[in-house]
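Okay, structure first, notes after.
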Amino acid sequence: MEEHQQRIRHLFAKMAEGTSTPEERAELLEYLEGDPLPEDLPMPDELAPGGHWPAMPETEADRIRAHVLSHQQPATPVRRMRWRLAAAVLLPLAGAALWLWQGQKSSGEVLEYVNDTRTVKTIRLGDGSEIHLNRAARLTLRKGAEREAWLEGEAFFTIAAHPSRPFVVHTRHQLDVTVLGTSFNVKAGEKATEVVLNTGKVKVGDGGHEVILRPGEMAVYDADAKQMMRQQADTLQRASWKNELMPFKERPLKEVVAQLGEQFGYAVSFEDPAADTLLFTGYLSTRDLQQAVLTLEQSFSINIRIGKSQLHVNKQ
């Protein structure tokens, strides 16, 4: 444990000096995202930066400090005092670590779009670009700098061409997607990021690894292994969610109905054991449950009854 704390202090110090590597910054970010206990954070007097603390807007530091203090509930007065002191001095530095993967997105007025609905959310930018956000996705832009975005989750981009102004999408793995004018899908998850190119050409890189994609190709970046692979992709299937459709290719009916239930907030019950042998290939609506159910009923000799909180599947 002591060795780990020494490592964390070392990472904080290197960050303050401006000498940390991308890998070290990623390690520090992972530590901070793990919600460390107050006593696990190094105190200011334990750090000895050789230079100066990273520059960070006061408003952003205050926002992070206020957020943590309002949500943290210490068990004892001693912990409360230690946490307040750590928050007052270290949080701007911790915020700087989070700020790195966001590419300083907090400088200037931030425009944030969150899709907390069950449908696709469409964002139209001033330059003519269009972005579709999948469920639970978050997109951040800076006002006046709409050719740069930060993504968590999945989004489909249709970018207006501006030869002198590339559009850049940043993900949490320090992976950047750079384009001039094209359409592509980005799925930025916890462990991996996937980029699927529909039209045009994009460059995908993390500062070390870099690939150029052409239509019909995808890049898969494994955050743990820090490896990037390029492979062929079914662009229609990968981006079908944008058109409010859920794709399936030879998937068991039970799995299909379970996913449908999750989409619309229903539990599922099967009253026909023969359903185990049924496979479904096709698309189901993610917006209209009745239409999705009708598609399955017409594909198989089954009946799906929509109850108050459950989908009941049985023979016709």
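At distances below 3.5 Å, at least one donor-acceptor pair connects side-chain atoms of R147 with backbone N or O atoms of R165. Side-chain N or O atoms of E297 include one that pairs as donor or acceptor with a backbone N or O of I304 at under 3.5 Å. Put simply, the side chain of E217 gets close to the backbone of R214: a donor and an acceptor are under 3.5 Å apart. R118 places a side-chain N or O within donor-acceptor distance of the main-chain N or O of Q263, the cut-off being under 3.5 Å. T235 places no side-chain N or O within donor-acceptor distance of the main-chain N or O of G216, the cut-off being under 3.5 Å.
Follow the hydrophobic side-chain contacts under 4.5 Å out from V293 and you never reach L245; the two are in separate clusters. With hydrophobic clusters built from ILVMFWY side chains whose heavy atoms lie under 4.5 angstrom apart, I159 does not share a cluster with V168. When hydrophobic clusters are built by joining Ile, Leu, Val, Met, Phe, Trp and Tyr residues whose side-chain heavy atoms come closer than 4.5 Å, directly or via intermediates, L175 is not grouped with V196. Residues V220 and V177 do not share a hydrophobic cluster, clusters being chains of Ile/Leu/Val/Met/Phe/Trp/Tyr side chains in contact below 4.5 Å.
Of all the heavy atoms in P215 and L197, the pair that sits closest is N-CD2, 3.5 Å. For the pair E244 and V120, the tightest heavy-atom approach, listed with the atom from each and the gap, is OE2-N, 3.4 Å. Scanning both residues, S269 and H312, for their nearest heavy atoms gives OG-ND1, 3.0 Å. Of all heavy-atom pairs spanning A292 and L284, the tightest one is O-CD2, 3.7 Å. The heavy-atom pair separating Q259 from F248 by the smallest distance is OE1-CE2, 3.4 Å. Taking each heavy atom of G261 and V268 in turn, the nearest pair found is CA-CG2, 4.4 Å.
For the pair I131 and T122, the minimum side-chain heavy-atom distance is 4.5 Å or more. Using a 4.5 Å heavy-atom cutoff, the side chains of F280 and R251 are not in contact. Between T171 and Y221, the closest side-chain pair of non-hydrogen atoms is not below 4.5 Å. Using a 4.5 Å heavy-atom threshold, the side chains of F270 and V257 count as touching. For the pair P252/L278, no side-chain contact is recorded, criterion being any heavy-atom separation below 4.5 Å from C-beta on. Considering only heavy atoms from C-beta on, F156 comes within 4.5 Å of N198 through its side chain. Within the 4.5 Å cutoff, the side chain of L133 has heavy atoms near those of the L151 side chain. Using a 4.5 Å heavy-atom threshold, the side chains of T286 and W241 count as separate.
In this structure, a donor-acceptor pair under 3.5 Å is present between the side chains of D127 and S129.
Atom OG in S309 sits 8.5 Å away from atom OH in Y266 (nearest 0.5 Å). To the nearest 0.5 Å, atom CG of residue L213 and atom CD of residue Q231 are 10.5 Å apart. Rounded to the nearest 0.5 angstrom, F184 CZ and R238 CZ are separated by 16.0 Å. Put simply, OH on Y283 and CE on M246 are 13.0 Å apart, with the number rounded to the nearest 0.5 Å. To the nearest 0.5 Å, the span separating OG1 on T117 from CZ on R287 amounts to 8.5 Å. The line from NZ of K187 to CE of M218 is 9.0 Å long, rounded to the nearest 0.5 Å.
The local environment of NZ in K203 is sparse, with at most 12 non-hydrogen atoms from other residues, nucleotides or ligands closer than 6.0 Å. Annotation: K201, atom NZ; neighbour count of heavy atoms from other residues, nucleotides and ligands within 6.0 Å does not exceed 12. When the shell of 6.0 Å around CD of Q237 is examined, it contains more than 12 heavy atoms from other residues, nucleotides or ligands. The environment of Q310 atom CD is dense: over 12 non-hydrogen atoms of other residues, nucleotides or ligands sit within 6.0 angstrom.
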- Item | Chi angles and distances behind the side-chain contact (heavy atoms from CB on, under 4.5 Å) call for I306, Q290 | CA-CA 9 Å; I306 303 175; Q290 294 279 2; 3.9 Å; yes
- Can F167 and L125 be said to form a side-chain contact (heavy atoms from CB on, under 4.5 Å), step by step? CA-CA 12 Å; F167 192 104; L125 305 183; 3.8 Å; yes
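Tested against E154 for a side-chain contact (heavy atoms from CB on, under 4.5 Å), the candidates N115, N185, V186 yield a single pass: N185.
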